[in-house]
Undergrad: 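Before I ask anything, here is the structure I am working with.
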Amino acid sequence: MPVNATDNIFSMILDSGFIVQMVLLLLIFFSLFSWTIIFVKIRRFRQAKRLNEEFEDLFWETQNLGQLYTHAKRMNDAPMAGVFLAGYNELRRLQDSVKNRDAAPPDSRVWIKSLERSLNKGIQEEITSIEYALPFLATVGNSAPFIGLFGTVWGIMSSFHSIGLAGSASLATVAPGISEALVATAVGLSAAIPAVIAFNSFMSILSRIDTALQGFAGDFINTVERKLLPSKAPREGN
């Protein structure tokens with residue numbers, strides 16, 4: 001029975017009109033591309049979670065930020081490492097700017113504000129990188145049902161046109177054309193439903209990653225403050 005049903009579906013697709021077939025091909029492409037994105041993103045999110053945990057452990061275990069910088073450069077796929085690199089590079093730029101002039105070092109609050117801007121920029125870059133291609137899932141979820149509906153409407157219009165030319169309106173005449181047209185709606189829904197579910201799930205995971213990166217940025221700022229402020233204490237006391 002399932003084999004016959006499958007054969008009937010394929011025969012309906014082959015017997016449908018050119019426009020309906022083009023709609024079905026577009027929806028099949030959307031579905032295949034969506035599933036490719038889904039599997040790639042599942043792997044990417046798992047990798048990001050694992051590497052973030054590894055880098056966070058290194059961050060708390062390593063006392064020297066310079067050594068941590070070396071580790072971070074090797075962990076290109078860890079979003080947290082990318083945020084650290086953005087903050088550390090800005091920290092070195094600030095330190096170099098002090099070394100290259102005779103003026104007194106700037107107030108620590110100026111350093112912290114500059115570091116916060118760099119860290120926020122690093123977070124945005126990492127989030128943008130991770131969410132790449134996710135909007136396509138949203139596009140498929142929103143548009144695929146309507147594209148399928150267009151194919152269905154077009155197929156029904158063609159069926160009724162053929163009925164009018166034949167001058168017969170019996171159920172046996174109407175049913176095949178309408179059933180062929182309804183396949184487009186079914187294919188559209190089959191492409192849209194997984195895309196919507198995956199998109200919502202991935203956005204939830206992405207929100208948690210963003211929260212983790214924001215927390216790490218705060219930890220980085222706190223670490224820098226502990227390392228910078230004590231060195232300025234004697235100068236401020238003079």
Side-chain angles (χ1 to χ4, degrees), residues 37 40-138 199-238:
I37 293 174
V40 169
K41 289 302 178 181
I42 288 175
R43 180 177 177 275
R44 179 69 181 98
F45 281 124
R46 288 178 178 174
Q47 182 187 49
K49 182 176 183 296
R50 176 177 56 82
L51 292 177
N52 276 349
E53 291 174 351
E54 291 180 7
F55 185 79
E56 191 171 19
D57 290 339
L58 283 173
F59 177 77
W60 293 115
E61 292 172 1
T62 305
Q63 299 297 322
N64 190 308
L65 293 180
Q67 294 178 356
L68 189 61
Y69 175 77
T70 303
H71 289 293
K73 290 195 297 185
R74 299 171 184 167
M75 301 176 69
N76 295 326
D77 295 324
M80 201 169 285
V83 174
F84 172 83
L85 290 175
Y88 186 78
N89 287 332
E90 178 63 14
L91 177 62
R92 289 202 304 183
R93 188 189 70 79
L94 292 170
Q95 292 173 335
D96 291 342
S97 67
V98 173
K99 293 177 182 178
N100 294 334
R101 64 183 184 180
D102 297 329
D107 187 270
S108 61
R109 289 173 296 181
V110 177
W111 286 44
I112 297 305
K113 289 294 183 182
S114 181
L115 287 174
E116 286 177 347
R117 288 192 295 269
S118 297
L119 290 168
N120 288 332
K121 181 180 178 181
I123 291 173
Q124 291 302 316
E125 290 177 350
E126 293 299 325
I127 294 297
T128 300
S129 175
I130 296 175
E131 72 178 0
Y132 177 77
L134 288 185
F136 181 81
L137 296 180
F199 178 78
N200 291 334
S201 299
F202 290 153
M203 292 306 294
S204 177
I205 297 172
L206 195 64
S207 177
R208 292 197 293 270
I209 292 176
D210 181 69
T211 300
L213 295 182
Q214 294 287 351
F216 173 77
D219 292 335
F220 181 86
I221 291 293
N222 292 336
T223 300
V224 171
E225 283 186 305
R226 287 196 301 268
K227 291 181 179 297
L228 287 178
L229 293 182
S231 64
K232 294 175 187 272
R235 180 184 298 272
E236 294 171 357
N238 288 341

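Positions are given from 1 along the sequence.
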Undergrad: Does the side chain of T70 come under 3.5 Å of the side chain of R74 through a donor N or O and an acceptor N or O?
TA: no
Undergrad: Find the distance between CG (L213) and CD1 (I123) and round it off to the nearest 0.5 Å.
TA: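 The distance works out to 5.5 Å.
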Undergrad: Measure the OH-CZ distance between Y88 and R92 for me, rounded to the nearest 0.5 Å.
TA: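 CZ of R92 is found 5.5 Å from OH of Y88.
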Undergrad: Rounded to the nearest 0.5 Å, what separation is found between the CZ atom of F55 and the CG atom of D77?
TA: 13.5 Å
Undergrad: Are H71 and F59 side-chain neighbours, meaning at least one heavy-atom pair lies under 4.5 Å?
TA: no
Undergrad: For R50, I'd like to know if atom CZ has over 12 heavy atoms of other residues, nucleotides or ligands within 6.0 Å.
TA: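 Yes, the 6.0 Å shell around CZ holds more than 12 heavy atoms from other groups.
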Undergrad: Begin with the C-alpha distance, continue with both residues' side-chain angles, and end with the deciding distance and a verdict on side chain to side chain contact (heavy atoms under 4.5 Å, CB included) for W111 and L91.
TA: CA-CA 8 Å; W111 286 44; L91 177 62; 4.0 Å; yes
Undergrad: To the closest 0.5 Å, what do you measure between CD (E90) and CG (L85)?
TA: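 CG of L85 is found 13.5 Å from CD of E90.
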Undergrad: Quick one: closest heavy-atom pair of A133 and I37, and the distance?
TA: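 Looks like O-CD1, 3.7 Å.
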Undergrad: Flag the pair K121 / R117 as yes when at least one side-chain heavy-atom distance between them is below 4.5 Å, and no otherwise.
TA: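 Not touching, per the 4.5 Å side-chain cut-off.
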Undergrad: Search all heavy atoms of A78 against all heavy atoms of L51 and return the closest pair with its distance.
TA: CB-CB, 3.6 Å
Undergrad: Can you find a pair of side-chain heavy atoms, one from Y69 and one from N64, that are under 4.5 Å apart?
TA: no
Undergrad: Check for a donor-acceptor pair, side chain of N222 on one end and backbone N or O of G218 on the other, with a separation under 3.5 Å.
TA: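 Yes; at least one donor-acceptor contact below 3.5 Å.
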Undergrad: Which pair of heavy atoms, one from A81 and one from A72, lies closest together, and at what distance?
TA: CB-O, 3.9 Å
Undergrad: Closest heavy-atom contact between S114 and R93?
TA: OG-NH2, 3.8 Å
Undergrad: Whether the side chain of S207 engages the backbone of M203 through a donor-acceptor N/O pair (distance < 3.5 Å, no angle test) should be reported.
TA: no
Undergrad: Looking at every heavy atom in both F84 and L65, which two are closest together, and how far apart are they?
TA: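 Where F84 meets L65 most closely, the heavy atoms are CZ-O, 3.7 Å.
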Undergrad: Is there a side-chain contact between F45 and L206 (heavy atoms, below 4.5 Å)?
TA: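 Answer yes - side chains close enough.
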Undergrad: Report yes or no: does T128 contribute a side-chain atom to a donor-acceptor pair with the main-chain N or O of Q124 at less than 3.5 Å?
TA: yes
Undergrad: Step by step, work out the side chain to side chain contact (heavy atoms under 4.5 Å, CB included) result for E54 and L58.
TA: CA-CA 6 Å; E54 291 180 7; L58 283 173; 5.7 Å; no
Undergrad: Return the minimal non-hydrogen interatomic distance between T62 and L68, and the atom names on each side.
TA: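 Here T62 and L68 meet closest at CG2-N, 4.0 Å.
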Undergrad: Does the ring of Y132 carry R44 above it, NZ/CZ under 6.0 angstrom from centre and within 45° of its axis?
TA: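 That pair does not qualify as a cation-pi contact.
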Undergrad: Distance check, rounded to the nearest 0.5 Å: N120 atom CG versus Q214 atom CD?
TA: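 Reported to 0.5 Å precision, the distance equals 5.5 Å.
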Undergrad: Give, for atom CD1 of I221 and atom CD1 of I112, the distance between the pair rounded to the nearest 0.5 Å.
TA: 4.5 Å
Undergrad: Check whether any side-chain N or O of K41 sits under 3.5 Å from a backbone N or O of E131 as a donor-acceptor pair, and report yes or no.
TA: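 No.
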